[in-house]
2 protein chains.
Amino acid sequence: MAKLPLDRIVEGDCIDLMRSWPEESVDLVFADPPYNLQLSGELHRPNNTRVSGVEEAWDRFDDFSAYDRFTFDWLTAAHRLLKPDGTLWVIGSYHNIFRVGKTLQDIGFWILNDVIWVKTNPMPNFRGKRFTNAHETMIWCSKSPTSKYTFNYDSMKALNDDLQMRSDWTMPICSGGERIKGADGAKAHPTQKPEGLLHRVVMASSNPGDVVVDPFAGTGTTAAVSKRLGRRFIGIDREKDYLAVARERVRQTPEAGDAEAISPAPSKRKEPRVPFGSLVERGLLSPGEILESPCRRFTAKVRADGTIISSAHRGSIHQVGAAVQGAPSCNGWTYWMLKTDGGKKVPIDVLRQKLRSEAMPATA
Amino acid sequence: MAKLPLDRIVEGDCIDLMRSWPEESVDLVFADPPYNLQLSGELHRPNNTRVSGVEEAWDRFDDFSAYDRFTFDWLTAAHRLLKPDGTLWVIGSYHNIFRVGKTLQDIGFWILNDVIWVKTNPMPNFRGKRFTNAHETMIWCSKSPTSKYTFNYDSMKALNDDLQMRSDWTMPICSGGERIKGADGAKAHPTQKPEGLLHRVVMASSNPGDVVVDPFAGTGTTAAVSKRLGRRFIGIDREKDYLAVARERVRQTPEAGDAEAISPAPSKRKEPRVPFGSLVERGLLSPGEILESPCRRFTAKVRADGTIISSAHRGSIHQVGAAVQGAPSCNGWTYWMLKTDGGKKVPIDVLRQKLRSEAMPATA
DNA sequence: CTCGTCACTGAATCGAGGA
DNA sequence: ATCCTCGATTCAGTGACGA
């Protein structure tokens, strides 16, 4: 069993290589497999210039069943390689994405989202025979339905001006200075993905120090973005030309310097738990004090053991809050209010905040 | 062999019925099959109200293979029914669309486009565990690779301000007066589609007088739109409740009088919002870079998630800008400055302008 | 009449952790 | 494995109602 070649771009067949590495050792896989475009003939623009499409040998398969076998094999190898809580992303177009999606469901991957990359500047449809193909589809899935996968919800929300990040991402195609070109000025790879796309993928579904694998590395976009964001990376490709480009690109990419700049936004779920009873123990609340619900509809009395008691219910702040409202559940911290000396009502959550900030040194 | 029941909503199993009709007799099929959502348990909003999902028996299948058999059967019957130059549309979500797409390719359908319905007002993700599921996917395909299918390119272009119609369609979900409700005020069907979607489908891929079949008619949206646009229609459903609703709806739908009179007003998308985070994603700013306030009184560091952090505050550019000044609010775009290579300071708003001008031409 | 407030809703695969 | 508790979590829009 080979060791993981961390922080390298390695040459070889991704199926063989992934099989040779330790199982359940990787946190995130991002894959941009051949699309099996089945192009026939050439396409010209209205001004008669020729459109340079994907003509490379790696995109040719004999038929659907050959493509399906290939898809099954690399997805199965990736499934084995992933940690139980790891996730996988695949990007594709209508040529291949339906076969890929069906296959990964069959293997046992559990789809979390399909995410649409909406291109601001797609290639037009020159013949006027179809809609402009202005998007690509990504599938994000966990290893199993019960995985406790990473999703940096708060980071994604922050990236989107404090609104939940949606499943449609509007972004330009990779061009200009970001597009890598050879000495002859020709593009180094026909399907180089924009770094912005990978930035969002890596930020959303991994943490600093996680291992990110790209089985079809191409120009090394996944590796470069992972390095910049402080993740470990492995890129795989079979083509020597691409390997050279990707390695040089990664070499030029700066390390993530500053842990503060790349860490995911703080999540409330990860803050230390404060039992309600400790507010009583520490004297922020006294036994016998009265809590009020919003609009003063209900009241409850604090007991010395950290339970509260209303006219008809007794139990934790959450249980009683749910019971008096007849709701299935309740966050007692935000539901119950306390009258301050000034006469204002504040949720008891401010007491919890006080305890937390006292107990912990100020962190950035 | 039964005759086609033109301009009617018929009761029965769509597979049996389509098999009983003459082959190669239909121009267009639009299908909104069960999505096989596999919901388990209940979901509540943060305010404890219950989300009413799709609980109907018609959406339940034992497993993937039962769903695949069902899919294969109705798609095969539709393939037989279509004229050689006819086309088919299917709509679905990530739960089913990959299996549907793979199956229709296997049957011999030729995919022309996948079209994304981007919802302006999707249901949020209440638990914060995934991206907001803000779109559905449609597949448009011809009966074979060599079909001379109908595509009203110029109508679509006209609908889109004289720009080619793209594969992403932004449209609200069906609500308000369009949403059909029963006597009790409950929605008549859990998944009624907006007429705007069908308008575009029917306009794009059929001509007046063509026969349009919807095997899963539901509330009859396809039939109503087809009638209004001067197409012949057939709707099929098994549920008596839906049949009654659809028949009444079609009855109330006016015939197309003057075909030229039907010209819907295209709605321009408003200027896209640029989240500060996208400057980081697109590489116009790097995590760790320092922003300065006017007069250099305060500084803040850019983080990879699009928040910024000063000595005492963390949050959006607006929040931190307000906090350091002790102001109630602040426009971070004009407040925070960046040092350019030349040593001059410019507000970060110039980066937003740059992104807008680069990235946002020509979207629908 | 307008305006503000409040309640309600939509194809949803929507915990984590300890006992 | 199962049960139980804690407690985190929502956006755009429609429509009813009252001032």
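Each chain gets a letter, A, B and so on, in the order the sequences are listed, and its residues count up from 1.
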Atom pairs, N/O to N/O, protein against nucleotides 15-19 of chain C, distance under 3.5 Å?
from, atom 1, to, atom 2, distance (Å)
dG15(C), OP1, R127(B), NE, 3.3
dA16(C), OP1, K129(B), NZ, 3.3

Looking at D85(A) and K148(A), does any basic side-chain N land under 4.0 Å from a carboxylate oxygen?
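Not counted as a salt bridge, because no side-chain N and carboxylate O are separated by less than 4.0 Å.
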
Is it the case that the side chains of T132(B) and Q164(A) hold a donor-acceptor pair, with the cut-off being a distance below 3.5 Å and no angle test?
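Their side chains do contain a donor-acceptor pair, which is all the 3.5 Å distance test asks for.
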
Decide whether T219(B) and R249(B) meet the rule of one side-chain donor and one side-chain acceptor closer than 3.5 Å.
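Looking only at side-chain atoms, R249(B) and T219(B) do form a donor-acceptor pair, the distance falling under 3.5 Å.
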
Nearest of [options] to any side-chain atom of [X]?
X: M123(B); options: dT9(D), dA12(C), dA12(D); result: dA12(C)
X: N121(B); options: dT10(D), dT9(D), dA12(D); result: dA12(D)
X: W58(B); options: dT14(D), dT9(C), dA11(C); result: dA11(C)
X: S316(A); options: dC6(D), dG10(C), dG7(D); result: dC6(D)
X: R273(A); options: dG7(D), dC14(C), dA11(C); result: dG7(D)
X: S329(A); options: dA11(C), dG7(D), dC14(C); result: dG7(D)
X: L39(B); options: dA12(C), dA11(C), dT10(D); result: dA12(C)

Hey, does [X] reach any base, or is it just sugar-phosphate, or nothing, if we go heavy atoms under 4.0 Å?
X: C330(A); value: base
X: P122(B); value: base
X: D59(B); value: base
X: Q319(A); value: sugar-phosphate

Keeping the roles fixed (side chain from N331(A), backbone from W333(A)), state whether a donor-acceptor pair exists under 3.5 Å.
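Between the backbone of W333(A) and the side chain of N331(A) there is a qualifying donor-acceptor contact (under 3.5 Å).
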
Residue among D62(B), N96(B), N36(B) satisfying side chain to side chain donor-acceptor pair (under 3.5 Å) with Y67(B)
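Looking at D62(B), N96(B), N36(B), the match for Y67(B) under the side chain to side chain donor-acceptor pair (under 3.5 Å) is N96(B).
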
Quick one: on DNA chain C, does R45(B) or F109(A) contact a more 5' nucleotide (nearest heavy atom)?
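The answer here is R45(B).
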
Compute the ring centroids of H189(B) and Y242(B), then answer whether they are less than 6.0 Å apart.
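Yes, the ring of H189(B) comes within the 6.0 Å limit of the ring of Y242(B), centre to centre.
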
Between W140(B) and W89(B) (judged by ring centroids, cut-off 6.0 Å), do the two rings come close enough to count as a pair?
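Yes: the rings meet the under 6.0 Å criterion.
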
For dA11(C), does the base pair up with any side-chain atom of D32(B) as donor and acceptor (N or O, under 3.5 Å, distance only)?
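Donor-acceptor pair under 3.5 Å: yes.
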
[N] to [M] separation - [atom1] atoms, rounded to the nearest Å:
N: dT9(D); M: dG17(C); atom1: P; value: 14 Å
N: dC17(D); M: dC1(C); atom1: C1'; value: 15 Å
N: dG7(D); M: dC14(C); atom1: C1'; value: 15 Å

Does dA8(D) have OP1 or OP2 under 4.0 Å away from a side-chain N or O of N331(A)?
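So the side-chain polar atoms of N331(A) do come within 4.0 Å of the phosphate oxygens OP1 or OP2 of dA8(D), strictly under.
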
Look at the side-chain N and O atoms of K187(B) and state whether any lies under 4.0 Å from the OP1 or OP2 oxygen of dG10(C).
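The answer is yes; a side-chain N or O of K187(B) sits under 4.0 Å from OP1 or OP2.
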
How does DNA chain C read in dot-bracket, base by base from 5' to 3', with Watson-Crick or G-U pairs under 3.5 Å and | used when the partner is on another strand?
.|||||||||....|||||

